[in-house]
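Below is one structure, written out as structure tokens; the observations come after it.
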There are 2 protein chains.
Amino acid sequence: MAAARVRSGGRPTLEEVAARAGVGRGTASRVINGSPRVSAQTREAVEAAVAELGYVPNRAARALAGNRTDAIALVVPESETRFFAEPYFSDIVRGVGAALADTEMQLLLTLAGNDRERRRLAQYLTAHRVDGVLLVSVHADDPLPDLLEQLGMPSVISGRRHAAETLPSVDSDNFEGARAAVDHLIARGRRSIATITGRLDVYGAQRRLDGYRKAVAAAGLDPDERLIAPADFSEEGGARAMRELLERRPDVDAVFAASDVMAAGARQVLRESGRRIPDDVALVGFDDSAVARHMDPPLTSVRQPIEEMGRTMTRVLLQEIANRSSGDGTEERPRIVLPTELVVRESS
Amino acid sequence: MAAARVRSGGRPTLEEVAARAGVGRGTASRVINGSPRVSAQTREAVEAAVAELGYVPNRAARALAGNRTDAIALVVPESETRFFAEPYFSDIVRGVGAALADTEMQLLLTLAGNDRERRRLAQYLTAHRVDGVLLVSVHADDPLPDLLEQLGMPSVISGRRHAAETLPSVDSDNFEGARAAVDHLIARGRRSIATITGRLDVYGAQRRLDGYRKAVAAAGLDPDERLIAPADFSEEGGARAMRELLERRPDVDAVFAASDVMAAGARQVLRESGRRIPDDVALVGFDDSAVARHMDPPLTSVRQPIEEMGRTMTRVLLQEIANRSSGDGTEERPRIVLPTELVVRESS
DNA sequence: ACAACTCTTGGGAGCGCTCCCAAGCGTACG
DNA sequence: CGTACGCTTGGGAGCGCTCCCAAGAGTTGT
């Protein structure tokens with residue numbers, strides 16, 4: 001009746017490890033979870049048993065009993081095809097992966113493009129199927145961040161939605177990056193410096209424009225609004241903006257595009273207008289993507305530390321999760337800004 | 001004593017749904033899992049309760065009780081930086097995401113670069129923390145696929161390790177793609193057509209070379225081995241190979257590079273040697289990446305249906321998982337080959 | 001009218017783990 | 001020498017769900 005249940009196949013359980021080590025289940029659990037309240041001798045015995053049996057804890061059981069999942073989600077707005085075109089995504093993932101490498105945390109990838117997927121996502125979160133969320137490339141009007149905040153779900157956002165971002169955030173220094181780019185053009189002797197902006201409802205795009213303005217003003221150049229052409233981060237948008245600029249100010253001698261892709265569009269138009277780069281018009285982009293390296297001429301661009309951002313976001317998130325569970329009420333929301341770097345190539 | 005336990009906060013459980021619907025836990029479970037053995041009336045009642053309570057099943061509990069995880073892993077060899085540089089990864093992910101959209105399956109992203117991570121990975125699998133695995137960009141000598149096969153873990157591999165791939169696989173038609181590229185060069189009147197290959201221990205690279213050879217032979221051209229330069233998929237390797245080619249056969253009038261990145265390296269060398277593209281030497285790449293579109297001149301390239309591959313891999317995997325659990329012993333290993341497409345631009 | 005079936009249904013028995021309480025032991029202190 | 005505490009330890013009580021068995025209700029056939 002009370003015969004020991006002998007499990008022949010299958011994965012070993014905590015119970016079996018405990019039996020093998022000659023201790024109780026609770027003690028084995030303590031060792032495996034690194035509790036200090038275990039004698040050295042017992043610890044060794046359990047560790048030996050774990051090694052011999054090749055024990056690996058059952059995640060589902062852990063999650064169920066411990067009311068946590070040991071998993072975080074990376075939420076990617078799939079609709080952002082632009083976003084995907086860059087190595088951005090890969091770099092972020094690499095950074096996240098690196099930061100997670102020493103952890104037991106799993107990385108869940110969630111594409112939230114259409115409404116259908118967003119609904120699923122909301123359910124994930126509602127059901128607490130992850131311990132935290134990394135939000136990447138979120139637009140200002142996205143309801144998700146607020147939803148997460150309401151739910152009290154630890155989250156970190158890449159970039160910001162606006163100046164008063166309430167979520168913990170990790171951003172690159174768009175302002176300084178843009179300023180450095182324009183300063184560089186000024187140092188090269190350019191005087192009529194135009195800019196092609198991204199969608200200005202994206203905070204980063206706004207900041208790049210601010211940086212441009214600041215640099216222009218600081219140099220005492222003419223802050224002609226006709227030198228500012230709004231676009232949408234697309235190649236076609238960049239081309240269109242460049243055409244407008246040439247029409248309004250044919251004397252333009254430098255262009256700072258708020259993305260490499262837009263710069264590529266601008267380059268095309270400049271070429272067609274018979275202008276040489278950089279001889280007639282210097283061109284600088286933003287992102288330092290593959291497009292920049294392979295452009296002809298190679299494009300000077302502002303590099304963002306994407307992988308570093310991924311790593312930092314993850315670290316911040318893990319910290320948030322730890323705070324949350326330890327009931328640490330310190331309500332400081334980290335807002336980290338990472339420096340950018342100007343990579344000078346032949347286009348300027 | 002037997003007072004109903006009233007749970008005020010927290011997420012609703014199956015038990016609560018059942019109570020609300022006035023049925024038993026088992027019945028509620030049946031409805032939620034779509035069992036047909038429930039009366040229409042009961043089903044409605046339960047569904048109403050689910051809606052009212054906003055019930056979402058607890059994944060961990062499900063996994064624990066059902067001995068499955070409803071999650072699949074996408075295993076990416078992080079060391080493949082080349083791989084990451086392309087939009088390849090993004091496209092695969094998008095395809096996988098699309099195929100998973102109608103499913104309850106979660107996508108786990110696993111970077112398996114160094115040994116440390118591979119060990120973790122082996123543990124994941126050992127502990128059956130996923131229902132299936134998608135392997136992407138695997139080298140011939142990677143031990144992982146065999147390990148998975150031994151463990152009986154449903155898996156699908158992108159590409160193949162060799163001609164006798166044993167795992168279910170989804171590949172693009174490298175052979176036909178290469179042949180089409182070379183045929184196109186021949187149709188353009190080129191006679192001395194060289195090729196720059198990828199690492200030939202990668203099956204796909206070998207197949208592209210085969211396709212090249214086939215096309216050259218079919219056209220009755222001189223199959224001079226000196227027109228074949230091995231490289232390693234890198235830009236620098238492409239440049240080196242191009243130098244060799246020019247040295248051995250200065251009369252070369254076309255080059256088929258087995259990747260866009262290598263083509264970029266070749267282009268550089270061709271330019272430096274004073275040759276014009278395509279006037280003196282036509283150039284064709286493979287992958288149809290961003291590099292191809294932004295090269296000067298824009299590069300003719302062979303497009304692989306990457307997103308489609310991701311979608312197909314996922315479908316195949318889901319099927320494998322279903323077969324496995326239904327005990328369906330049909331041991332046919334799907335091997336799918338998707339067609340490529342030649343995108344003609346100005347370089348040829 | 002009764003036996004034999006079929007269709008539904010309820011709920012017990014776990015899944016493997018964490019949490020936590022109480023018990024066992026050893027030691028320091030009055 | 002007795003009592004109080006601190007450190008370890010064992011194991012019960014769930015976590016929420018699926019599986020499955022047995023019971024109840026309704027049908028059909030003879």
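Chain letters run A, B, ... following the sequence lines, proteins first and then strands; every chain starts at 1. Just so it is clear, the values below take in all heavy atoms, side chains as well, and ignore hydrogens, waters and symmetry mates.
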When we call it a touch if two heavy atoms are under 4.0 Å apart, what does A/Arg62 touch: a base, just sugar-phosphate, or nothing?
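The answer is sugar-phosphate, as A/Arg62 gets under 4.0 Å only of primed atoms, P, OP1 or OP2.
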For a quick check of understanding: with a heavy-atom distance under 4.0 Å over all strands, which category does B/Asn33 fall into, base, sugar-phosphate or nothing?
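Here B/Asn33 touches the backbone only, sparing every base.
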I'd like to know if the side chain of B/Gln150 reaches the main chain of B/Leu147, judged simply by a donor and an acceptor atom lying under 3.5 Å from each other, with no hydrogens or angles considered.
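Pair absent, no side-chain N/O of B/Gln150 close to backbone of B/Leu147.
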For atom [atom1] of [X] and atom [atom2] of [N], their distance in whole Å:
| X | N | atom1 | atom2 | value |
| --- | --- | --- | --- | --- |
| A/Asn58 | C/dT18 | CG | C1' | 13 Å |
| B/Leu64 | D/dG16 | CG | P | 12 Å |
| A/Asn67 | D/dA13 | CG | P | 21 Å |
| B/Gln41 | C/dC7 | CD | P | 18 Å |
| A/Arg37 | D/dG10 | CZ | P | 15 Å |

Apply the salt bridge (charged side-chain N to carboxylate O under 4.0 Å, His left out) test between B/Arg161 and each candidate in B/Asp171, B/Asp146, B/Asp141; give the one that qualifies.
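Result for salt bridge (charged side-chain N to carboxylate O under 4.0 Å, His left out) with B/Arg161: B/Asp146.
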5′-ward residue of the pair B/Thr27/A/Glu15 relative to DNA chain C:
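The residue mapped nearer the 5' terminus is B/Thr27.
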Of B/Arg43 and A/Arg30, whose closest DNA chain C nucleotide lies nearer the 5' terminus?
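Its nearest nucleotide being more 5', the pick is B/Arg43.
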Return no unless some side-chain N or O of B/Thr42 is found under 4.0 Å from OP1 or OP2 of C/dT8.
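Checking C/dT8 against B/Thr42, no side-chain N or O comes under 4.0 Å of OP1 or OP2.
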Can a side chain N or O of B/Ser29 be found less than 4.0 Å away from OP1 or OP2 on D/dT18?
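Answer yes for this pair, as a side-chain N or O of B/Ser29 is under 4.0 Å from OP1 or OP2.
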Stepwise side-chain contact (heavy atoms from CB on, under 4.5 Å) check, B/Arg315 with B/Arg311
CA-CA 6 Å; B/Arg315 274 201 287 260; B/Arg311 225 176 303 138; 4.2 Å; yes
Quick check: any donor-acceptor pair below 3.5 Å linking the side-chain of [X] to the base of [N]?
| X | N | result |
| --- | --- | --- |
| B/Arg25 | D/dT18 | yes |
| B/Arg11 | D/dG16 | no |
| B/Arg59 | D/dG16 | no |

Shortest side-chain distance from B/Thr13, nucleotide among D/dG16, C/dG16, D/dT18:
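Nearest listed nucleotide: D/dG16.
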Residues A/Glu52, A/Arg20; criterion salt bridge (charged side-chain N to carboxylate O under 4.0 Å, His left out); working and verdict:
CA-CA 9 Å; A/Glu52 285 163 28; A/Arg20 174 95 175 207; 2.4 Å; yes
Taking atom CG of A/Leu108 and atom CG of B/Leu109, what is their separation to the nearest 0.5 Å?
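Output value for this atom pair is 9.5 Å.
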